[in-house]
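What you see is a predicted model; the values in this text were computed from it and never measured. Only this structure's heavy atoms are used, side chains among them; waters, hydrogens and symmetry mates stay out.
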Amino acid sequence: MDYETLRYEVADGILTLTLNRPDQLNAFTVQMADDLEHAFRRASDDDDVRAIVVTGEGRAFCAGMDLSVEGNVFGLNEDERPTPADMETRFDDEDFRRGVRDTGGQVTLAIYDCTKPVIAAVNGPAVGIGATMICAMDARLASENARIGFVFGKIGIVPEACSSWFLPRIVGIPQALEWFYSADILTADEAKEGGLVRSVHPADELLSAAYALAEKFTKNRSPVGIALTRQMVYRNSAQTHPVEAHKVDSLAMFYASVDDGKEGVAAFLGKRDPNFTSKASELPEVFA
């Protein structure tokens, strides 16, 4: 299917998701949120996809929310007065999802749920939601032209897209707070020095570097093993006691060992590449 604001292109097992509003510097809209959420959930179920690279068309990655739209620019229903109790009882109601819940957070929750490695190839400015959405991705590569800013303080709002959960886990609480408080626009090198960006590349080498990393993550790897590993790291690192990780590890190891694990051991002993046949769309149940 086609998307209004994205390109969804699969080649050699790698999905390239391209934010595609170049005339607006790929500014984020409610439609883009819908497209991204659908695309990530679609990719999880698509066994032709082994990894995902996210980038922007033109000179920007994502210039933040499109502030030119009429009404509430975040797409929210100002007639509502939601409460914490509503978040529990009305969370999945369509009118509540549309009128109250943060659109960026719905995207990053879809990324969190994804069963494939997700790599950000930040080709230019990434501010606001452009900065926070990449926090939910597994690796962030940046062009020398990239500029990254958590600029919410400049317009009187707060960090969104679950970034108060993701960013401190990547860079630590003091660094996250400094970037949130200051709302500075960071160069690619400053973002790398702060621990957000893995590597900085010339603009014409960024995508090839991202594809090489995606290949490194997935070549001769079990799709189920990779999917479970991704979910285990995100979920188990937030548990209150390591015994909870042990429960998940035990189930994941059990099912991996009786499936692709057998082929992996045979390939290792036979000094050959493995031929894994599991599907990330058919994961064993390991989480309570």
More than 12 non-hydrogen atoms from neighbouring residues, nucleotides or ligands closer than 6.0 Å to [atom1] on [X], yes or no?
X    : atom1 : answer
D12  : CG    : no
K154 : NZ    : yes
Y255 : OH    : no
E9   : CD    : yes
I157 : CD1   : yes
R59  : CZ    : no
D2   : CG    : no
M253 : CE    : no

- Task: Go through F40 and L109 one step at a time and tell me if the side chain to side chain contact (heavy atoms under 4.5 Å, CB included) criterion holds.
- Result: CA-CA 10 Å; F40 279 107; L109 288 175; over 6 Å; no

- Please test D184 against E190 for side chain to side chain contact (heavy atoms under 4.5 Å, CB included), starting from the C-alpha separation and ending with a verdict. CA-CA 11 Å; D184 286 342; E190 287 171 335; over 6 Å; no

Can you see which heavy atom on [X] is nearest to which on [Y], and at what distance?
X    : Y    : answer
N26  : P22  : OD1-N, 3.3 Å
A39  : L17  : CB-CD2, 3.8 Å
D260 : P223 : OD2-CD, 4.1 Å
V171 : A176 : CG2-N, 3.7 Å
A131 : A126 : CB-O, 3.6 Å
A120 : M137 : CB-SD, 3.5 Å

If I take atom [atom1] from residue [X] and atom [atom2] from residue [Y], how far apart are they, to the nearest 0.5 angstrom?
X    : Y    : atom1 : atom2 : value
L6   : L19  : CG    : CG    : 6.0 Å
K262 : S257 : NZ    : OG    : 7.0 Å
S163 : F180 : OG    : CZ    : 4.0 Å

Looking only at atom types and distance, does a side-chain atom of [X] sit under 3.5 Å from a main-chain N or O of [Y], one as donor and one as acceptor?
X    : Y    : answer
Q231 : C114 : yes
D86  : T83  : yes
E263 : S222 : no
R272 : L269 : no
D102 : G105 : yes

- Message: Tell me whether the NZ or CZ atom of R221 lies within the 45° cone about the ring axis of F276 and under 6.0 Å from its centre.
- Response: no

- Message: Under the criterion side chain to side chain contact (heavy atoms under 4.5 Å, CB included), I'd like the reasoning laid out for L141 against L213: C-alpha separation, chi angles, the key distance, then a yes or no.
- Response: CA-CA 10 Å; L141 284 64; L213 188 61; 3.8 Å; yes

- Message: Between Y211 and V53, does the side chain to side chain contact (heavy atoms under 4.5 Å, CB included) criterion hold? Intermediate values first, please.
- Response: CA-CA 7 Å; Y211 292 143; V53 172; 3.9 Å; yes

- Query: Do you know which of V118, V49, V54, D46 makes side-chain contact (heavy atoms from CB on, under 4.5 Å) with L15?
  - Reply: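 For L15, the side-chain contact (heavy atoms from CB on, under 4.5 Å) test succeeds with only one of V118, V49, V54, D46, which is V49.
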
- Query: Ion pair present between E4 and R21, side-chain N to carboxylate O less than 4.0 angstrom?
  - Reply: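 No, no charged N to carboxylate O under 4.0 Å.
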
- Query: Per the side chain to side chain donor-acceptor pair (under 3.5 Å) rule, which among N20, T29, T5 passes with D35?
  - Reply: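 Between D35 and the candidates, side chain to side chain donor-acceptor pair (under 3.5 Å) is satisfied uniquely by T5.
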
- Partners passing ring-ring contact (aromatic ring centres under 6.0 Å, His included) against H38 (at least two apart in sequence or in another chain): Y3

- Message: Holding to side-chain contact (heavy atoms from CB on, under 4.5 Å), I want the full list of residues that pass it with E285, two or more places apart in sequence or in another chain.
- Response: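 E285: no side-chain contact (heavy atoms from CB on, under 4.5 Å) contacts found.
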
- Message: Going by side chain to side chain donor-acceptor pair (under 3.5 Å), name the pairs with one or both residues in residues 110-126, residues two or more places apart or in two chains.
- Response: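 Listed by first then second residue: R41-D113, T55-N123.
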
